[in-house]
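Throughout, numbering of the chain's residues begins at 1 and tracks the sequence.
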Amino acid sequence: MRILFRDARMAGPQQVLTGNLLVEDTRIADIDVSPDTPADRIVEVAGRWLIPGVVDDQVHFREPGL
């Protein structure tokens, strides 16, 4: 499955990029692709943040009961 995220603000190692991101299956296939790239699903992000590879530690690493 190919998912295209359009017009996202993406945090990179040294800069912020506004553009499109293509995901194929569960992996990032390309960054800053054309907005007309063929995809099975298109998500209009409209300037929201997309931070690839970041895990929310408040959800995944907290001890039960906190």
Side-chain angles (χ1 to χ4, degrees):
M1 176 175 224
R2 292 168 54 103
I3 303 172
L4 177 64
F5 293 89
R6 284 190 187 160
D7 193 31
R9 293 177 69 195
M10 296 171 273
Q14 298 185 14
Q15 66 182 9
V16 173
L17 172 69
T18 300
N20 308 306
L21 181 128
L22 180 66
V23 174
E24 287 190 39
D25 298 319
T26 59
R27 299 179 186 258
I28 296 172
D30 205 353
I31 297 174
D32 205 23
V33 296
S34 167
D36 299 323
T37 299
D40 300 309
R41 181 175 170 204
I42 296 172
V43 180
E44 297 291 343
V45 183
R48 293 188 180 115
W49 283 97
L50 180 62
I51 308 175
V54 174
V55 176
D56 181 359
D57 65 346
Q58 298 298 312
V59 174
H60 300 284
F61 298 117
R62 292 185 68 174
E63 293 292 326
L66 290 177

Side-chain donor-acceptor pairs of residues 33-44 under 3.5 Å, sequence neighbours excluded:
unit_1, atom_1, unit_2, atom_2, d
Ser34, OG, Asp36, N, 3.1
Thr37, OG1, Ser34, O, 2.7
Asp40, OD2, Arg2, N, 2.8
Glu44, OE2, Arg6, NH1, 2.9

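Sorted pairs that involve residues 7-20 and meet side-chain hydrogen bond (donor to acceptor under 3.5 Å, both in side chains), not counting sequence neighbours, are lacking altogether.
Ile31 is linked by a side chain to side chain contact (heavy atoms under 4.5 Å, CB included) to Met10, Leu17, Leu21, Ile28, counting only residues two or more places apart in sequence or in another chain.
Leu22 CG to Arg27 CZ: the interatomic distance, rounded to the nearest 0.5 Å, is 14.0 Å.
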